[in-house]
Every structure is written in C-alpha cells, then in structure tokens.
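A short write-up of the structure that comes next.
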Amino acid sequence: AQRQPGSAFKPFIYSAALEKGFTPATVVNDAPFFVPAAQAGGEDWEPKNYDGKFEGPMRVRAALARSKNLVTVRVLQAIGPQYAQDYIARFGFDPKLHPPYLTMGLGAGSATPLQMVSAYAVFANGGYRVAPYLIAKIVDARGNVLSEAAPAAARDGAERAIDPRNAWIMTSLLKDVIRVGTATRALTLNRTDLAGKTGTTNENVDAWFCGFNASLVGVAWIGF
C-alpha cells in the first residue's frame, strides 16, 4: 500500500518551515531550479511546476495554495532536508521511507493512505497525534464485549505532535487551497469549514486529496 504522496506531502514540509521561522507572508522565488545528482539522491534533477510556468517571487501562502513545486524545493533547501526528515516523524511517518533529499519536498517518499489520514489528523486535532484504529468493538453472540478500542482523544492523553499555533496556521493555509488554490472544485459543496491538499505524481500514477475539518479527516487516493 506504500505510494508516493506527491504534493499531498507538502504541508508537512511547510509545517517544518514554520518552526524554522517561515511565515505565511515569507516571500520565496518561484523560478527555475537545478539540483545536482549528489543532492537529488541519484541523478541530476530539474523540477518543474505542474503547469510548467514560473511566477517569480510569491508568498508562502499563495505558493502552497497553488502547489508551486519550485517554492517548496527552495523552502526545503532553506530548512535542510535532514531537519525535515526528522520533523515528519512527529506525524507518524517512517523517516526511512522519506530520504533526506530535496525530492522529499515533492512527495517522492512512500506512505499509505492510513498514514496520510493519521498525519492530516494532527492539523485537525490542533496539533495532537491520535493513533488510528480499524476495529472499534468485537462482541459475541450474547452481546458480551470481547474487545473494544480505547483510543486517547486529543487533549486527553494523546501525544502533542506540533505546537497548536503551527496547526492553526497550517489549517489556515490549507483552507486557502480550497478557497483559491488547486482544490477549488470543493467549493461546490458550499462549505467554509474545509481544508485540504491535492497531490499528483509524475504522469498521474498517483492522485490524492487529503481534506479535513475540525471533526473529520478524509483521504482519497486514485491510482494504478
């Protein structure tokens, strides 16, 4: 079930950047970028934006909303891939599956849909990490409860993964993805409480949408 998350992984890079002093108003250049093989993890790499265009200096808020690859790579370069690799463990990702190269910023690592939904839940929960479970309860023929999940609720024994201010800002940024960014199709639902991020990999082998509000997280993956 391990798939490349593509741009759906970018929020975790931007969350790490907030801890390093970036803000939604930080200006980063959306311009061509060349990465030699030693930094890319194998061969020379020249990332492009999805639409093939470059728009010059722009704020982090606009760059994430419009999923600008070149801005994300520059942000990751500024904070350091090793720092980002360590940071994503807070969301439950296995760092070994996300090598510390600049390609990590564009979701070149591996994750399952369950890992993605658990990671996005950290934003929805205000910074708390809640372990997912698949089976809520097992009862026998007489109605006796044989097993029942007892997950730690946010603020009630759950692990604090990120600062609540970080989670609040990231939720604000991800609401803009729906309001003015790559997920405006969700506006047809006529709702104002939704946040999320789209994700695609090369040749659309994997396509994602990870969305949430304060009470629910949903991740959709389409691919082959």
Side-chain angles (χ1 to χ4, degrees), residues 1-17 24 47-53 60-73 75-76 84 88 90-94 97-98 103-127 129-130 132 134 161-162 166-224:
Q2 298 283 351
R3 305 302 303 176
Q4 285 192 332
S7 293
F9 196 73
K10 288 177 181 175
F12 309 108
I13 303 301
Y14 282 90
S15 175
K48 307 288 185 184
N49 287 320
Y50 184 76
D51 59 6
K53 300 176 181 177
V60 161
R61 180 178 290 277
L64 182 57
R66 284 141 66 181
S67 201
K68 290 295 186 176
N69 290 341
L70 284 306
V71 172
T72 305
V73 171
V75 168
L76 180 56
I88 62 171
R90 302 185 187 194
F91 295 91
F93 293 111
D94 181 353
L97 298 178
H98 301 271
T103 49
M104 175 176 63
L106 305 186
S110 299
T112 67
L114 184 62
Q115 288 173 336
M116 294 295 284
V117 80
S118 179
Y120 271 82
V122 172
F123 298 137
N125 285 327
R129 180 178 162 199
V130 176
L134 295 175
I162 62 174
N166 188 306
W168 190 92
I169 292 172
M170 287 306 306
T171 299
S172 172
L173 293 175
L174 293 172
K175 283 186 174 180
D176 269 12
V177 174
I178 290 176
R179 190 176 64 86
V180 295
T182 57
T184 53
R185 286 282 297 275
L187 291 175
T188 59
L189 298 173
N190 294 318
R191 297 177 59 152
T192 60
D193 62 330
L194 302 179
K197 183 72 185 76
T198 55
T200 54
T201 60
N202 290 341
E203 309 301 328
N204 288 320
V205 172
D206 300 278
W208 299 78
F209 180 70
C210 306
F212 65 94
N213 64 10
S215 61
L216 186 69
V217 181
V219 167
W221 171 84
I222 301 172
F224 182 72

(request) Using a strict 4.0 Å threshold on nitrogen-to-oxygen distance, state whether R191 and D193 make a salt bridge. (result) yes

(request) Check whether any side-chain heavy atom of T192 lies under 4.5 Å from a side-chain heavy atom of K175, and answer yes or no. (result) no

(request) Would you check if the side chain of N49 reaches a backbone N or O of D51 as a donor-acceptor pair within less than 3.5 Å? (result) no

(request) Could you grab the distance from atom OG1 of T103 to atom CG of N69, nearest 0.5 Å is fine? (result) 12.0 Å

Side-chain donor-acceptor distances from residues 116-124 under 3.5 Å, at least two apart:
from: Y120; atom 1: OH; to: A8; atom 2: O; distance (Å): 2.6

(request) With sequence neighbours excluded, give me every salt bridge (Lys or Arg N to Asp or Glu O under 4.0 Å) pair touching residues 197-218. (result) R3-D206

(request) Starting at OG1 of T72, measure out to CG of L76 and round the result to the nearest 0.5 Å. (result) 9.0 Å

(message) With rounding to the nearest 0.5 angstrom, report the OG to OH distance, S7 to Y50.
(response) 10.0 Å

(request) Check salt bridge (Lys or Arg N to Asp or Glu O under 4.0 Å) between R185 and all other residues, then give those that pass, not counting sequence neighbours. (result) none

(message) Among residues at least two apart in sequence or on other chains, which ones pass salt bridge (Lys or Arg N to Asp or Glu O under 4.0 Å) with D176?
(response) R61, R179

(message) Using only atom types and a distance under 3.5 Å, with no angle test, would you say the side chain of W208 pairs donor to acceptor with the backbone of T201?
(response) no

(message) For a quick check under 3.5 Å, do T182 and S67 share a side-chain donor-acceptor pair by atom type?
(response) no

(request) Taking the side chain as every heavy atom from C-beta outward, state whether V71 and Y14 have any atom pair closer than 4.5 Å. (result) yes

(message) Once side chain to side chain donor-acceptor pair (under 3.5 Å) is applied, do any residues pair with R90, and if so which ones, sequence neighbours excluded?
(response) none

(request) With the side chain counted from C-beta on, respond yes when T112 and Q2 share a heavy-atom pair under 4.5 Å apart, and no when they do not. (result) yes

(message) Taking side chain to side chain donor-acceptor pair (under 3.5 Å) as the definition, give me every residue that meets it alongside K68, ordered by chain and number, with sequence neighbours left out.
(response) E55

(message) Check this for me: I222, atom CD1, are more than 12 non-hydrogen atoms of other residues, nucleotides or ligands nearer than 6.0 Å?
(response) no

